[in-house]
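One structure below.
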Amino acid sequence: RCGTSAGGSLRRRDLQELRKAGAGRLPGLVRNPQSNGIYYFAQVAVGCLRLISRSDRDLRLVLAFRSALLALRGRTLGAGASEGGQLNDASVGGFEVRFRAAVAATLAETKREDLRDELSKSLRFYVSLKPLWASRPLCTRAYGLADPTELSLGLDAGRRLCAARGQVGRRSHVLRYHGPDHLTSRWEALREAYLAISIEGGGDAKQIEARLATFEVDQLASRERQTLALERSRTAAEERRQVACEREAVREASRASAAQRSEHALQRLLQRWAARETLEGGK
């Protein structure tokens with residue numbers, strides 16, 4: 001496909017220069033060396049969605065995939081939306097509306113019919129959510145971007161997972177604001193939603209449950225470390241508070257002692273004045 005003909009194809013020398021410049025380090029372009037050559041694929045994040053292309057040894061083609069995914073991302077986030085846009089936004093200008101419009105516009109702007117067909121067949125997306133205290137994310141199957149049914153299924157999966165996860169805050173501070181029961185209920189809701197979505201997508205229930213069990217082991221270890229760190233932090237804070245209180249008590253005692261000495265000195269002075277006045281009056 002790389003060809004040397006006119007019309008936008010990259011020449012062999014162009015490809016060599018791109019590889020020499022480190023094409024695999026371009027944002028959105030992943031380099032995957034294999035025994036039969038180097039494969040490339042495009043990958044772009046939009047909130048909890050991961051937009052991906054199929055792998056191919058044709059760097060020119062994968063760069064076209066990358067350009068399309070970057071354009072799609074730009075259209076989705078360019079309408080005043082933040083990168084962390086959620087799929088449970090029910091407003092008319094919500095994430096899903098922008099994303100659907102961005103997909104349609106990105107495919108429609110491709111004038112070459114052969115490239116538009118390649119994009120339709122090669123671009124997909126999946127939902128990626130990292131549960132609290134997990135070292136890796138939970139990912140759904142990949143959904144076709146150009147297929148309306150697949151697009152709806154993928155967005156629905158993302159909406160359900162985001163709603164199930166809820167807002168639990170940052171992992172390093174979450175225990176300060178949420179109790180264990182709340183966090184456990186949020187994980188159970190996310191677990192059930194992910195299991196249902198995966199089974200609906202054709203996944204094997206036993207394999208999925210085994211994968212979720214490894215997540216729970218991972219979470220438990222991290223949760224115990226966070227709990228211990230929080231207890232240490234609270235103990236240290238309490239010790240600092242006690243030290244501060246003790247120092248304040250010492251300062252207060254010192255101030256009281258100084259005031260008492262001043263009062264005694266004043267009383268002695270008044271007594272001397274009174275004695276002098278008595279003596280002078282006797283004369």
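Remember, predicted model here, so these are calculated numbers, not experimental data.
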- Query: Counting only heavy atoms not in Arg276, do more than 12 sit closer than 6.0 Å to its CZ atom?
  - Reply: no
- Looking at SG of Cys245 and CZ of Arg240, how far apart are the two atoms once the value is rounded to the nearest 0.5 Å? 13.0 Å
- Query: Are the side chains of Ile38 and Asn32 in touch, meaning some heavy atoms are under 4.5 Å apart?
  - Reply: no
- Item | Basic-acidic side-chain contact under 4.0 Å: Arg54, Glu118 | yes
- Query: Is the shortest side-chain N to carboxylate O distance from Glu248 to Arg255 below 4.0 Å?
  - Reply: yes
- Query: Regarding Thr106 and Arg75, is there a side-chain donor-to-acceptor distance under 3.5 Å anywhere?
  - Reply: yes
- Query: Is the closest side-chain heavy-atom distance between Leu72 and Leu51 below 4.5 Å?
  - Reply: yes
- Check whether any side-chain N or O of Arg124 sits under 3.5 Å from a backbone N or O of Arg50 as a donor-acceptor pair, and report yes or no. no
- Message: For Thr140, is there any backbone N or O sitting under 3.5 Å from a side-chain donor or acceptor partner on Tyr194?
- Response: no
- Message: Just verifying a value: how many Å separate Glu263 CD and Gln267 CD, rounded to the nearest 0.5 Å?
- Response: 5.0 Å
- Task: Would you check if Leu153 and Asp147 make a side-chain contact, meaning some heavy-atom pair closer than 4.5 Å?
- Result: no
- Query: Can you tell if the side chain of Leu190 reaches within under 4.5 Å of the side chain of Arg186, non-hydrogen atoms only?
  - Reply: no
- Task: Grab the two heavy atoms, one from Ser120 and one from Leu107, that are nearest each other, plus how far apart they are.
- Result: OG-CD2, 4.4 Å
- Item | Charged N-O contact under 4.0 Å between Asp156 and Arg160 | yes
- Message: Show, in sequence, the C-alpha distance, side-chain angles and deciding distance for Ser55 and Gln34, and conclude whether the side chain to side chain contact (heavy atoms under 4.5 Å, CB included) test is met.
- Response: CA-CA 11 Å; Ser55 297; Gln34 298 291 330; over 6 Å; no
- Do Val62 and Leu26 share a hydrophobic cluster, counting only Ile, Leu, Val, Met, Phe, Trp and Tyr and linking them when any side-chain heavy atoms are less than 4.5 Å apart? yes
- Message: Parallel, tilted or perpendicular: which one describes the rings of Tyr143 and Phe125, with boundaries at 30° and 60°?
- Response: tilted
- On a heavy-atom basis, the closest approach of Tyr126 and Ala142 is CB-CA, 4.1 Å
- From Glu109 CD over to Arg116 CZ, what is the distance, rounded to the nearest 0.5 angstrom? 11.0 Å
- Identify the two heavy atoms, one from Ala68 and one from Leu123, that lie closest to each other, and give their separation to 0.1 Å. CB-CD1, 4.2 Å
- Side chains of Thr76 and Arg73 in contact at under 4.5 Å (non-hydrogen atoms): no
- CG-CZ distance between Leu145 and Phe99, expressed to the nearest 0.5 angstrom: 5.0 Å
- Query: Are the charged groups of Arg141 and Glu150 less than 4.0 angstrom apart, N to O?
  - Reply: yes
- Task: Of all the heavy-atom pairs spanning Ile208 and Ser198, show the shortest one and how long it is.
- Result: CD1-CB, 3.2 Å
- Message: With side chain to side chain contact (heavy atoms under 4.5 Å, CB included) as the criterion, how do Cys162 and Cys48 come out once you've worked through the C-alpha distance, each side chain's angles and the decisive distance to 0.1 Å?
- Response: CA-CA 9 Å; Cys162 285; Cys48 65; 3.7 Å; yes
- Any link between Trp273 and Leu266 through a network of hydrophobic side chains (Ile, Leu, Val, Met, Phe, Trp, Tyr) touching at under 4.5 Å? yes
- Any chain of hydrophobic side-chain contacts (each under 4.5 Å) joining Ile52 to Leu155? no
- Query: Under 4.0 Å between a Lys/Arg side-chain N and an Asp/Glu carboxylate O for Arg191 and Glu216?
  - Reply: yes
- Item | Residues Glu246, Gln242; criterion side-chain hydrogen bond (donor to acceptor under 3.5 Å, both in side chains); working and verdict | CA-CA 6 Å; Glu246 291 171 359; Gln242 291 179 0; over 6 Å; no
- Output, in order, the C-alpha distance, side-chain angles, deciding distance and verdict of side chain to side chain contact (heavy atoms under 4.5 Å, CB included) for Tyr40 and Leu29. CA-CA 7 Å; Tyr40 301 90; Leu29 183 65; 4.1 Å; yes
- Give a yes/no verdict on a cation-pi contact between Arg136 and Phe215, requiring under 6.0 Å between NZ or CZ and the six-membered ring centre and an angle within 45° of the axis. yes
- Note on the structure: When rounded to the nearest 0.5 Å, the distance separating NZ of Lys121 from CG of Asp117 is 6.5 Å
- Message: If hydrophobic clusters are built by linking Ile, Leu, Val, Met, Phe, Trp and Tyr wherever their side-chain heavy atoms come under 4.5 Å apart, do Leu129 and Leu195 end up in the same one?
- Response: yes
- Message: Check whether Ser122 reaches the backbone of Ser53 with its side chain - one donor and one acceptor, N or O, closer than 3.5 Å.
- Response: no
- Message: If the threshold is 4.0 Å, N to carboxylate O, is there a salt bridge linking Lys206 and Asp204?
- Response: no
- Query: Taking side chain as C-beta onward, heavy atoms only, is Leu119 less than 4.5 Å from Phe65?
  - Reply: yes
- Message: If I take atom CD1 from residue Ile197 and atom CD from residue Glu192, how far apart are they, to the nearest 0.5 angstrom?
- Response: 11.5 Å
- Task: Could you tell me whether the side chain of Lys130 reaches within less than 4.5 Å of the side chain of Leu138, counting heavy atoms only?
- Result: no
- Item | Closest contact, heavy atoms only, Val30 versus Gln43 | CG2-CB, 4.4 Å
- Item | Arg66 vs Pro27 side-chain heavy atoms within contact, under 4.5 Å | yes
